[in-house]
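Residues: numbered from 1 along the sequence shown.
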Amino acid sequence: MEKISGLFASLRISSSGLAAQRRRMNIIAENLANANTTKTDEGGPYKRKIVRFFEQLKSAEVRRGAAEQRDEGLESTSSGHISGGSGSQVLRRTYSGVRIEVVQDKAEPERVYDPTHPDADEAGYVAMPKVDTIVEMVDMITAARAYEAGVTAINTAKDMARKALEI
């Protein structure tokens, strides 16, 4: 059963990446839509949201001298890959996908002088969200490219499985 689940592991991991990139695109769209929102339900201007990506481990297997392995930052899948006596270690990780975390940007809002704005203070300044449309557009292009790479990985895995069945 483990072999069959390994067959679909690449599809599962890639689909997790696609879902994460889709969520990132939604957050970018939300940031762009609220670039001029000066009043929110929480009070104050809209705060930009940022998506952070983390690897999601399904399991980790550590053999011989794992503490030394972590210090070196090396990783191998076979004990024969790194020769030597007590310094040889194996650290195997099984990834299950991508985990995301959405956090608010801690940057202070931008103060813009506009005494005619309904949310202006006594001095005529308005607190505007710190959303840079150029940065958001670059993030959107990056997310789109990452999504395309995920789709390519899924198609490649499907082709490999199809070819394996032809043998």
Side-chain angles (χ1 to χ4, degrees), residues 5-6 8-63 65-77 89-157:
S5 68
F8 297 107
S10 63
L11 296 175
R12 194 172 40 251
I13 291 170
S14 294
S15 67
S16 171
L18 293 180
Q21 293 300 334
R22 186 192 66 219
R23 178 81 172 122
R24 182 179 178 197
M25 290 287 271
N26 288 339
I27 294 296
I28 292 168
E30 183 180 325
N31 288 339
L32 288 171
N34 290 299
N36 293 317
T37 303
T38 57
K39 192 178 274 184
T40 60
D41 292 340
E42 295 85 29
Y46 174 79
K47 292 191 176 185
R48 178 177 182 255
K49 293 180 181 171
I50 301 169
V51 177
R52 293 184 180 157
F53 293 86
F54 301 95
E55 64 187 18
Q56 192 169 20
L57 286 176
K58 182 177 178 184
S59 65
E61 182 179 336
V62 180
R63 297 180 197 157
E68 297 170 18
Q69 180 71 28
R70 274 186 242 116
D71 291 339
E72 295 174 352
L74 300 174
E75 180 176 336
S76 69
T77 54
Q89 303 90 27
V90 174
L91 176 63
R92 178 180 288 166
R93 297 178 186 156
T94 305
Y95 298 98
S96 64
V98 178
R99 179 176 59 86
I100 64 168
E101 178 181 293
V102 179
V103 296
Q104 284 190 341
D105 190 4
K106 295 183 179 177
E108 290 294 318
E110 221 172 305
R111 290 179 44 93
V112 176
Y113 183 72
D114 185 4
T116 61
H117 196 283
D119 293 330
D121 61 9
E122 300 81 32
Y125 285 94
V126 180
M128 298 294 288
K130 188 116 182 167
V131 177
D132 186 352
T133 54
I134 294 173
V135 170
E136 298 299 326
M137 294 304 289
V138 169
D139 283 352
M140 185 180 292
I141 291 169
T142 305
R145 296 287 185 229
Y147 192 90
E148 288 173 10
V151 169
T152 301
I154 286 174
N155 286 333
T156 302

Has [X] got a side-chain atom pairing as donor or acceptor with [Y]'s backbone, closer than 3.5 angstrom?
X: S15; Y: R12; answer: yes
X: S96; Y: Q56; answer: yes
X: D105; Y: I50; answer: no

If I take atom [atom1] from residue [X] and atom [atom2] from residue [Y], how far apart are they, to the nearest 0.5 angstrom?
X: K47; Y: K106; atom1: NZ; atom2: NZ; answer: 10.0 Å
X: E30; Y: M25; atom1: CD; atom2: CE; answer: 14.0 Å
X: Y113; Y: D121; atom1: OH; atom2: CG; answer: 10.0 Å
X: T40; Y: N34; atom1: OG1; atom2: CG; answer: 9.0 Å
X: I13; Y: L18; atom1: CD1; atom2: CG; answer: 12.0 Å
X: L32; Y: M140; atom1: CG; atom2: CE; answer: 5.0 Å

Looking at every non-hydrogen atom in both residues, tell me the closest pair between [X] and [Y] and how far apart they are.
X: G17; Y: V98; value: CA-CG2, 4.1 Å
X: F53; Y: A20; value: CE2-CB, 3.5 Å
X: E136; Y: I28; value: O-CG2, 3.5 Å
X: D114; Y: A120; value: O-CB, 3.4 Å
X: A127; Y: P45; value: O-CB, 3.5 Å

Counting only heavy atoms not in [X], do more than 12 fall under 6.0 Å of its [atom1]?
X: R145; atom1: CZ; value: no
X: E101; atom1: CD; value: yes
X: N36; atom1: CG; value: no

| Short N-O contact, D132 and R48, less than 4.0 angstrom |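 Salt bridge: no.
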| request: Using side-chain contact (heavy atoms from CB on, under 4.5 Å) as the criterion, point out the one residue from V138, D139, V131 that pairs with V135. | output: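 Of all the options given, the one that passes is D139.
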